Amino acid sequence: MKLKLSIIFFLILFIFINPVFAKNQQDEENNIYFNKAEDLYLLAKIIHAEARGEPFIGKVAVGAVIINRVNSNKFPNEILEVIQEPLAFTAVNDGQFNLEPDHQSYQAAILALQGNDPTNDALFYYNPIKTTSNWIYNRPVVAQIGKHIFAK
């Protein structure tokens with residue numbers, strides 16, 4: 001209970017201190033819409049689900065891939081829609097996305113939303129030990145962080 005309260009307090013404090021996150025934003029040029037409070041939560045959830053056990057920079061990298069997809073014309077232009085694409089993320093398919101994110105996942109999500117991208121604009125990532133989709137091996141690799149390989 002204390003952890004949930006501290007996370008809620010942190011979010012409220014962050015939203016009121018950082019005006020960039022205090023309101024919704026729309027990028028008119030790319031027709032991308034961000035609801036900062038909701039998107040922070042969703043991004044933290046997918047980071048937690050997909051990158052638990054990875055180093056912190058790997059968590060930021062997973063968040064950056066989601067943001068890169070939102071910014072790409074090849075994917076939906078909202079975080080929730082990117083996350084919910086059929087078969088896009090194992091953690092959505094197996095229910096891990098329903099777990100509550102930890103503090104580190106929130107921190108990684110904040111950095112990714114602020115534009116930090118250790119992946120060099122990757123649109124995909126995978127764990128070569130666990131992946132079952134052979135098509136991913138044809139994507140150009142741009143980075144390896146922790147157990148994940150990042151590709152364009």
Side-chain angles (χ1 to χ4, degrees), residues 3-54 56-127 130-133 135-136 139 142-143 145-146 148-152:
L3 179 62
K4 279 189 176 182
L5 288 175
S6 64
I7 288 172
I8 291 169
F9 175 75
F10 169 74
L11 285 174
I12 291 169
L13 183 63
F14 183 79
I15 288 169
F16 286 106
I17 290 175
N18 188 343
V20 171
F21 280 83
K23 51 189 164 191
N24 299 338
Q25 285 185 308
Q26 184 168 8
D27 179 339
E28 301 281 338
E29 182 179 326
N30 296 317
N31 198 28
I32 299 166
Y33 180 77
F34 289 103
N35 176 328
K36 296 304 184 186
E38 180 183 344
D39 287 344
L40 174 61
Y41 177 66
L42 292 169
L43 195 57
K45 281 183 69 143
I46 195 67
I47 289 168
H48 184 71
E50 288 276 323
R52 274 189 329 279
E54 291 294 313
F56 181 72
I57 191 79
K59 292 178 182 186
V60 175
V62 166
V65 167
I66 306 298
I67 299 302
N68 292 343
R69 287 185 179 195
V70 168
N71 291 328
S72 169
N73 61 7
K74 298 175 185 176
F75 295 91
N77 60 3
E78 292 185 28
I79 288 176
L80 180 59
E81 291 178 7
V82 166
I83 291 169
Q84 290 181 336
E85 276 195 301
L87 304 176
F89 300 100
T90 303
V92 173
N93 299 333
D94 67 15
Q96 292 182 68
F97 179 69
N98 297 323
L99 298 172
E100 286 301 312
D102 61 9
H103 181 72
Q104 198 174 62
S105 296
Y106 276 105
Q107 289 177 316
I110 289 166
L111 289 177
L113 281 167
Q114 289 176 336
N116 290 282
D117 183 1
T119 74
N120 300 312
D121 299 320
L123 293 173
F124 305 95
Y125 63 88
Y126 60 96
N127 181 331
K130 295 181 179 181
T131 193
T132 57
S133 302
W135 67 269
I136 195 71
R139 310 298 308 186
V142 294
I145 303 170
H148 285 136
I149 302 231
F150 294 85
K152 287 194 176 186

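Nothing here was measured: the structure is a model prediction, and the numbers come from that model.
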Give a yes-or-no answer on whether the side chains of Asp94 and Gln96 include a donor-acceptor pair shorter than 3.5 Å. yes
Within the 3.5 Å criterion, strictly below it, is a donor on Asn93 or Thr90 matched to an acceptor on the partner's side chain?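 Note: Asn93 and Thr90 side chains miss the donor-acceptor criterion.
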Over all atoms of both residues, closest heavy-atom pair of [X] and [Y]:
{"X": "Pro118", "Y": "Ala143", "value": "O-CB, 4.4 Å"}
{"X": "Ala64", "Y": "Ala112", "value": "N-CB, 3.7 Å"}
{"X": "Lys152", "Y": "Asn120", "value": "CE-O, 3.0 Å"}
{"X": "Glu50", "Y": "Ala91", "value": "OE2-N, 2.9 Å"}
{"X": "Glu54", "Y": "Ile145", "value": "OE1-O, 3.6 Å"}
{"X": "Leu111", "Y": "Val60", "value": "CD1-CG2, 4.0 Å"}

Check whether any side-chain heavy atom of [X] sits under 4.5 Å from a side-chain heavy atom of [Y], and report yes or no.
{"X": "Asp121", "Y": "Val142", "value": "no"}
{"X": "Leu43", "Y": "Ile67", "value": "yes"}
{"X": "Leu123", "Y": "Ser72", "value": "yes"}
{"X": "Ile47", "Y": "Pro101", "value": "no"}
{"X": "His148", "Y": "Val62", "value": "yes"}
{"X": "Arg69", "Y": "Glu85", "value": "yes"}

Out of curiosity, [X] [atom1] to [Y] [atom2], how far, rounded to the nearest 0.5 Å?
{"X": "Leu40", "Y": "Ile79", "atom1": "CG", "atom2": "CD1", "value": "9.0 Å"}
{"X": "Phe97", "Y": "Phe89", "atom1": "CZ", "atom2": "CZ", "value": "10.0 Å"}
{"X": "Asn77", "Y": "Phe75", "atom1": "CG", "atom2": "CZ", "value": "13.0 Å"}
{"X": "Asn98", "Y": "Lys45", "atom1": "CG", "atom2": "NZ", "value": "5.5 Å"}
{"X": "Lys59", "Y": "His48", "atom1": "NZ", "atom2": "NE2", "value": "7.5 Å"}
{"X": "Thr119", "Y": "Asn68", "atom1": "OG1", "atom2": "CG", "value": "5.0 Å"}

Taking the ring centre of each residue, are Trp135 and Tyr126 less than 6.0 Å apart? no
For the pair Gln84 and Val92, evaluate side chain to side chain contact (heavy atoms under 4.5 Å, CB included) and give the outcome as yes or no after the intermediate values. CA-CA 7 Å; Gln84 290 181 336; Val92 173; 5.7 Å; no
